[in-house]
Structure formats: structure tokens, C-alpha cells
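Each chain gets a letter, A, B and so on, in the order its sequence line appears, and its residues count up from 1.
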Amino acid sequence: MVVIVGPTGIGKTALSIHLARHFQSPVISADSRQIYKELRIGTATPSESEMEGIAHYLIGTKSILDYYNAYEFEQDVLSLTQKLFVQHKTLILTGGSMMYVDAFCNGIDLLPTVDPKLRLELQEQLETEGLQSIRRQLKLLDPVFYEQVDLKNPKRVVHAVEMCLMTGRPYSQLRTSPKHKRPFRIIKIGLEMERAALYQRINDRVDEMISAGLIDEARELYPYRHLNALNTVGYKELFQHFDGLISLDKAIELIKRDSRRYSKKQLSWFKRDEEIYWFSPENTEEVIKFVRGKIK
RNA sequence: GGUACCAUAGCUCAGUUGGUAGAGCAACGGACUGAAAAUCCGUGUGUCCCUGGUUCGAUUCCAGGUGGUACCA
């Protein structure tokens with residue numbers, strides 16, 4: 001499995017299609033937003049012509065109304081690999097969703113799916129009684145995790161409480177962080193380029209999205225704005241504009257800024273992974289040579 | 001050409017009764033186990049326009065220069 005990672009807008013799609021042609025391999029997307037069929041322009045989902053007839057998986061296979069998460073992604077990719085490795089020696093997984101890539105490469109602990117009712121209750125508690133009250137609850141339920149968790153991060157604290165209440169056990173006992181063995185080899189390729197050049201690409205790509213009709217796409221999705229799938233760069237900023245809070249120009253500027261910030265977060269995550277071999281996105285031939293060398 | 005005002009961080013600006021400076025935004029760094037394009041934490045990055053003068057000491061006061069803005073010719 002050739003895993004291609006890197007910041008948004010750097011050219012993962014183009015490289016993956018090159019590799020796919022060379023290795024006669026299908027492409028699996030590791031993108032937590034391109035998986036939604038309603039989000040196309042704002043997520044830079046590759047078009048039919050861009051895909052050049054190469055089979056792509058996990059793009060547009062879910063609806064924004066569906067619940068989806070990193071565990072389901074891991075399961076989806078694993079069952080895909082079982083099918084696809086029968087006919088292909090090499091597969092390509094490409095995408096910038098850090099946690100999805102991690103869930104696939106290393107596995108993720110088996111945890112229950114949170115009951116939506118419980119999530120809602122805790123959300124209400126958070127809003128009415130504040131983070132402090134959820135923290136107190138966590139301290140009682142799981143003093144070990146209470147010491148480890150980022151107590152200022154509501155999502156982390158709430159989720160830990162959710163897990164304790166769902167299982168009746170301390171969350172810290174459920175977190176075993178095993179490195180799951182995979183019945184195939186994983187080769188990780190990272191793409192990087194000079195910061196200024198990357199930001200230029202990101203800014204230009206946002207302008208292209210606007211020309212391609214992102215505003216109309218966002219307007220159609222506006223009624224669904226409170227869904228998690230729409231808490232997404234490119235949409236949430238336009239929703240603010242539709243609400244009359246900011247001008248269109250300001251919204252576009254914010255989309256660019258938030259995309260840049262996202263790319264920085266991705267780099268911060270991926271740079272920590274010592275298994276990644278880094279390349280410049282123009283060096284397609286070099287990557288192919290490198291992968292061939294690894295496969296032999 | 002004359003007069004007035006301005007010149008401080010990437011940007012918009014505070015400020016220092018003379019002891020080399022701080023806000024917002026931008027930027028930068030980091031964390032991350034079923035919401036992850038989410039969520040959270042941390043950091044001031046500076047020839048205070050230039051050259052002289054006064055002073056123990058000038059970004060601050062004075063003179064000249066340069067650039068900008070406004071008004072008058």
C-alpha cells in the first residue's frame with residue numbers, strides 16, 4: 001500500500017493518479033470531506049476527467065446526513081484492501097485527513113459508537129453548566145485520564161465522559177493504542193514544498209473554487225449548515241457571509257486563511273511520523289523509482 | 001515652490017514626562033485514538049525612516065535630509 005500524504009493543495013491527487021497509472025492500481029481516498037457526495041467543489045474532489053479512468057474509492061460514497069468516523073474509515077479501507085489486493089499487487093491510498101490515515105495505518109481502539117442522545121445531553125450540560133461540570137464528572141469516572149487529557153479542550157473531555165458512560169469503564173482502560181498488524185506492507189510518501197509556494201497554490205485554488213461555483217454549492221447546503229460534515233473550510237466561511245455577518249470578499253479571504261492554517265496543522269501532524277519519506281510534488285519520476293525500489 | 005501634519009512589528013495603530021517598546025489582525029510553533037478540513041494550547045517576530053546635534057544615555061528633544069498626506073500658490 002502506497003500511502004500519499006501532505007498538506008492540502010500540494011498536489012496529492014495529481015501524484016496519486018500518476019502512480020496509479022504506473023502501477024496499474026486503483027486509488028483509495030483518505031479524505032474526511034471528499035467522502036461526502038454533496039461536497040465537491042469546496043473539497044477539490046477530483047473530476048471524472050482528472051481521474052483519467054482510474055478507479056477511485058471512498059469519494060462521494062457518503063451523504064452529509066450520514067454519521068461517519070475514523071473507525072468506520074479504517075473498516076471500509078480494510079475491507080476494500082481484501083477485495084482489491086486479489087487483483088492488484090499495489091494499491092494507493094491518498095489524502096490529508098491525518099486521523100483517518102493514522103486509523104488505517106496503525107489501527108484504532110475498539111470503542112462503542114456514542115449514543116446520539118447521550119451526546120446531546122452532554123452537549124446541553126456543557127452549554128448550561130460549563131466545561132467545569134464535565135471535568136468534575138470525568139475526574140470521578142476516570143481519574144487516570146483526567147490527569148492526561150487537555151482539560152481546556154471540550155471535545156476531548158466530553159468524549160472521555162461519553163466513553164465512560166457508554167461502557168461503564170474508565171476510558172483510560174479502553175485506550176490500548178495497539179499497532180495493528182496489516183497483511184501488507186505500507187510505504188508512506190509525504191509531499192512538501194516551500195511554504196510561500198504552497199500558500200500561493202492554496203490561495204489560487206480557492207479562487208478557482210469560487211469560479212467553479214463554490215458559492216452556489218454552499219448556498220444549496222446552507223440549510224444543512226449545522227451538520228458536522230459542513231463544519232468544513234470553504235463552507236463555514238460562506239455561511240457567515242450568507243448570514244450577513246461578513247462580506248463575500250472577507251469570506252473568501254477567510255477560506256484562504258483557514259486553508260493555510262489547515263495545511264500547517266497537517267504538516268505538524270505528518271512531520272512527527274518518522275516512517276514518511278518526503279518528496280517534492282514535481283518529482284513524480286523520483287517517487288516512482290523510490291516505490292519500485294521498495295517493492296522489489 | 002510654501003505651510004501644516006505624519007513616518008514604530010507583515011498590516012492598522014498605541015506608547016515611551018529621555019533609560020532601546022505593545023495591542024488587534026496576520027504570521028509562527030505544538031497537541032491530537034469514533035465530530036479530525038473538527039477541537040485545543042503556546043509564541044512578539046522590531047536599525048522605533050536616514051544623518052548629525054544636545055545628553056551619561058535619543059525611538060522620544062533640536063536641526064537637516066528623504067518619503068507620504070492635506071491645504072495654499
Mind checking if A:Phe73 touches a base, just sugar-phosphate, or nothing, with heavy atoms under 4.0 Å?
nothing
For A:Asp31, answer base if it contacts any base atom (sugar-phosphate contacts may also be present), sugar-phosphate if it contacts only those atoms, and nothing otherwise; contact means non-hydrogen atoms under 4.0 Å.
base
Per-nucleotide pairing state of RNA chain B [Watson-Crick or G-U, under 3.5 Å; [ ] pseudoknot-crossing; | other strand]
(((((((..((((.....[..)))).(((((.......))))).....(((((..]....)))))))))))).
Protein-nucleotide distance ([X], atom [atom1]; [N], atom [atom2]), rounded to Å:
| X | N | atom1 | atom2 | answer |
| --- | --- | --- | --- | --- |
| A:Gln266 | B:C28 | CD | P | 14 Å |
| A:Tyr71 | B:A36 | OH | C1' | 18 Å |
| A:Gln148 | B:C40 | CD | C1' | 17 Å |
| A:Leu267 | B:G29 | CG | P | 8 Å |
| A:Ile134 | B:C40 | CD1 | P | 14 Å |
| A:Met99 | B:C40 | CE | P | 16 Å |
| A:Tyr262 | B:C28 | OH | C1' | 20 Å |
| A:Leu122 | B:A35 | CG | P | 13 Å |

Listed partners of A:Lys256 passing side-chain hydrogen bond (donor to acceptor under 3.5 Å, both in side chains), at least two apart:
A:Asp207
Can you tell me which residue pairs pass the ring-ring contact (aromatic ring centres under 6.0 Å, His included) test with a partner in residues 61-81 of chain A, sequence neighbours excluded?
A:Phe73-A:Tyr100
Do any pairs count as a ring-ring contact (aromatic ring centres under 6.0 Å, His included) and have a residue in residues 146-167 of chain A, sequence neighbours left out, and if so which ones?
A:His159-A:Tyr171
Would you mind writing out the side-chain donor-acceptor pairs for residues 242-255 of chain A within the sub-3.5 Å range, not counting sequence neighbours?
{"from": "A:Asp243", "atom 1": "OD1", "to": "A:Tyr222", "atom 2": "OH", "distance (Å)": "2.2"}
{"from": "A:Asp243", "atom 1": "OD1", "to": "A:Arg225", "atom 2": "NH1", "distance (Å)": "3.1"}
{"from": "A:Asp243", "atom 1": "OD2", "to": "A:Arg225", "atom 2": "NH1", "distance (Å)": "2.6"}
{"from": "A:Asp243", "atom 1": "OD2", "to": "A:Arg225", "atom 2": "NH2", "distance (Å)": "2.9"}
{"from": "A:Ser247", "atom 1": "OG", "to": "A:Lys250", "atom 2": "N", "distance (Å)": "3.0"}

Those residues of residues 206-237 of chain A lying under 4.0 Å from RNA chain B by at least one heavy atom
A:Asn228, A:Asn231, A:Thr232, A:Val233, A:Lys236
Any residue in residues 35-46 of chain A with a heavy atom nearer than 4.0 angstrom to RNA chain B? Just list them by number, or reply none.
A:Gly42, A:Thr43
Between B:C40, B:A36, B:G30, spot the one nearest the side chain of A:Asn153, thanks.
B:C40
Minimum-distance nucleotide (side-chain atoms of A:Trp269 versus B:A36, B:U39, B:A35):
B:A36
Please list, pair by pair, any protein nitrogen or oxygen found under 3.5 Å from a nitrogen or oxygen in nucleotides 24-27 of chain B.
{"from": "B:A26", "atom 1": "OP1", "to": "A:Arg257", "atom 2": "NH1", "distance (Å)": "2.0"}
{"from": "B:A26", "atom 1": "OP1", "to": "A:Arg261", "atom 2": "NH2", "distance (Å)": "3.3"}
{"from": "B:A26", "atom 1": "OP2", "to": "A:Arg261", "atom 2": "NH2", "distance (Å)": "3.4"}
{"from": "B:A27", "atom 1": "OP1", "to": "A:Arg260", "atom 2": "NE", "distance (Å)": "3.1"}
{"from": "B:A27", "atom 1": "OP1", "to": "A:Arg260", "atom 2": "NH2", "distance (Å)": "3.0"}

Give every residue pair that meets the side-chain hydrogen bond (donor to acceptor under 3.5 Å, both in side chains) criterion with at least one member in residues 83-94 of chain A, sequence neighbours excluded.
none
Go through the steps to decide whether A:Leu230 and A:His226 satisfy the test side-chain contact (heavy atoms from CB on, under 4.5 Å), and finish with yes or no.
CA-CA 7 Å; A:Leu230 287 168; A:His226 294 297; over 6 Å; no
Ring-face cation of A:Lys271 near A:Trp278 (centre distance under 6.0 Å, axis angle within 45°):
yes
Output all residues satisfying salt bridge (Lys or Arg N to Asp or Glu O under 4.0 Å) with A:Glu282, sequence neighbours left out; order by chain, then residue number.
none
Extract from the structure each pairing of a protein N or O with an N or O of nucleotides 41-45 of chain B at less than 3.5 Å, listing the distance.
none

Identify the pairs formed between an N or O of the protein and an N or O of nucleotides 9-12 of chain B at a distance under 3.5 Å, and give each distance.
none

Short question: side chain of A:Asp273, backbone of A:Phe270 - any donor-acceptor pair under 3.5 Å?
no
